[in-house]
Protein chains: 2
Amino acid sequence: MRSMLSQTEENYLKAVYKISESDPGPVSTNAIAKIMHTSAASVTDMIKRLSEKNYVDYKKYYGVELTQMGKNSATLLIRKHRLWETFLVNQLKFSWEEVHDIAEQLEHIQSDQLIERLDEYLNYPKFDPHGDPIPSTDGKFTIRNQTALSDMQIGDQGQVIGVKIHDTPFLQHLNKIGIKINTAVEIIAKQEYDQSTTVIINQNDQVLLSEKVATKILLKKI
Amino acid sequence: MRSMLSQTEENYLKAVYKISESDPGPVSTNAIAKIMHTSAASVTDMIKRLSEKNYVDYKKYYGVELTQMGKNSATLLIRKHRLWETFLVNQLKFSWEEVHDIAEQLEHIQSDQLIERLDEYLNYPKFDPHGDPIPSTDGKFTIRNQTALSDMQIGDQGQVIGVKIHDTPFLQHLNKIGIKINTAVEIIAKQEYDQSTTVIINQNDQVLLSEKVATKILLKKI
DNA sequence: TACGATATTTAGACTAATCTAAAAATAATA
DNA sequence: TATTATTTTTAGATTAGTCTAAATATCGTA
Ligand SMILES: [Mn+2]
Ligand SMILES: [Mn+2]
Ligand SMILES: [Mn+2]
Ligand SMILES: [Mn+2]
């Protein structure tokens, strides 16, 4: 049943998926337009097309939801994106802030065999360089406990396992202060006034994290 | 000066490059149409566009030739194609007849850094899995002496270093008879009647090669 | 519950890339 | 050289994806 989707159609499906991930229920035209950097009119056009092809359920003025087929396509796209990011970082030695845009292109390469070989080559990774889970062929994500650094208490210890956003300036900032995946973190103080957090990383350096940064770092408690 | 070319535009440039490679001089509209599997009318349209952007020189009813800029783009595309094919065969363990179609997609990924990292990762290969030279960043191809198997004499010995065509049925046929890159070949007989050649491969198996096959296998004489 | 603000859809237009059919130019040949 | 055959270009249409502007529906709140 999986007809040939254009890259654009795939990107719309992924946008709908991402929006309903953080905000379940029907997705608004405007929300899609924002992510896709297009006009609401273009979104309406495209949604009609995807609805026609049964990738989404669509009710005028109400919103759009992925069908099972739409979910499958979106999940496969995310699988490809994250496997390619893993390849770029683990094999080609790119830094985690450099890989997203390249993976945005690579995720559209059409070859089931390629993605399965890549998965094998990378030794079946479960998480990508940003700590995001890589769905399996049948669309299952590995779940794990994670806590935002901003939600930890004084004295708590943890290990960085992911970040909530992936834009380059944020990741470069983390590079600068020495935080990356697997970094050990201990909370030693929290300022009431601005919600900033003081931490010790790798049992060594003391770092002050603003609330803006602390809310976006995900830890595994230890 | 390298503006953004669409995938389609890149493919047209590559087509012009490939045609003038085997047949120097101006390239005909029909020749391009054949390779691109489009109508002559579509080719005329596209050639006008590429001419407008200075990737080709074009004179109505006469033919088309790549400008230096067009040659650079075509060569870069070929570099990317062949590096990706090398990756697919050497790292992901694809067979040589499986990689062309995937590389046709991968060659359009836009990232100079990616292709340089890939080159390094693969240890700067000079030839792809079909024995075709991989141009360097500045567009230079490694030249080497090669002789078609059909042009060898009885008693000559050689080693397979390439093939003239890359379609799957031909490569699968070579797989079946046990010929691949680096296979040692000795010519032991030639039939006047049908120009077929009898060879011994890897000092072991005797194989009869039709003219159709023998003309497409490239050897290094030893 | 009405009315202004906001969100969404429709209408109409544009570009890239394609097609078919017809016209025009060039090449082949009688 | 005249006539036919082939090649190439033009004309006009189509589809995907986009836009802006206008129309319409829904929401928020007085
Ligand atoms: Mn990403
Ligand atoms: Mn990621
Ligand atoms: Mn190839
Ligand atoms: Mn090749």
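In what follows, every heavy atom counts, from backbone to side chain, and hydrogens, waters and symmetry copies are set aside. By convention in this document, chain letters (A, B, ...) are assigned in the order of the sequence lines, proteins followed by strands, and residues within each chain are numbered from 1.
The interatomic distance linking A/Met4 (CE) with D/dT15 (C1') rounds to 14 Å, in whole Å. Per the geometry, NZ belonging to A/Lys48 stands 10 Å off C1' belonging to C/dT8, to the nearest Å. As rounded to whole Å, 12 Å separates atom C1' of D/dG17 from atom CG of A/Leu50. Rounded to whole angstrom, the span from the CG atom of A/Asp45 across to the C1' atom of D/dT15 amounts to 12 Å. In this structure, OH of A/Tyr61 is placed 17 Å from P of C/dT6, rounded to the nearest angstrom. Straight-line distance from the CD atom of A/Gln7 to the P atom of C/dA16: 18 Å, rounded to whole Å. Taking atom NE2 of residue A/His37 and atom C1' of nucleotide D/dC19, one finds them 16 Å apart after rounding to whole Å. For A/Ile32 and C/dA7, the CD1 to C1' distance is 13 Å, given to the nearest whole Å.
Using a 4.5 Å heavy-atom cutoff, the side chains of B/Lys180 and B/Leu174 are not in contact. Inter-residue side-chain proximity for B/Leu218 and B/Lys164 is flagged as met; some heavy-atom pair is nearer than 4.5 Å.
Between A/Tyr121 and B/Tyr121, the angle of the ring planes goes over 60°, which puts this pair in the perpendicular group of the 30/60° scheme.
Applying the 4.0 Å criterion to OP1 and OP2 of C/dT6, one finds that A/Asn30 has every side-chain N and O outside that range. Of the side-chain N and O atoms in B/Lys60, one or more sit less than 4.0 angstrom from OP1 or OP2 of D/dT10. Distances shorter than 4.0 Å separate some side-chain N or O of A/Ser42 from OP1 or OP2 on D/dC19. Listed pair B/Thr29 / D/dT9 meets the phosphate criterion, a side-chain N or O lying under 4.0 Å from OP1 or OP2. Applying the 4.0 Å criterion to OP1 and OP2 of D/dT20, one finds that A/Ser39 has every side-chain N and O outside that range.
A side-chain donor-acceptor contact under 3.5 Å links A/Ser136 to the backbone of A/Lys140. B/Gln91 places no side-chain N or O within 3.5 Å of a backbone atom of B/Leu88 that could act as its donor or acceptor partner.
Listed nucleotides: D/dT18, D/dT10, D/dC19. Nearest to the side chain of B/Thr44: D/dT10.
Positionally, the nearest nucleotide of DNA chain D for B/Tyr58 lies more toward the 5' end than for the other of B/Tyr58 and A/Met46.
Contact annotation for B/Tyr62: no contact, since no heavy-atom pair falls under 4.0 Å across all strands.
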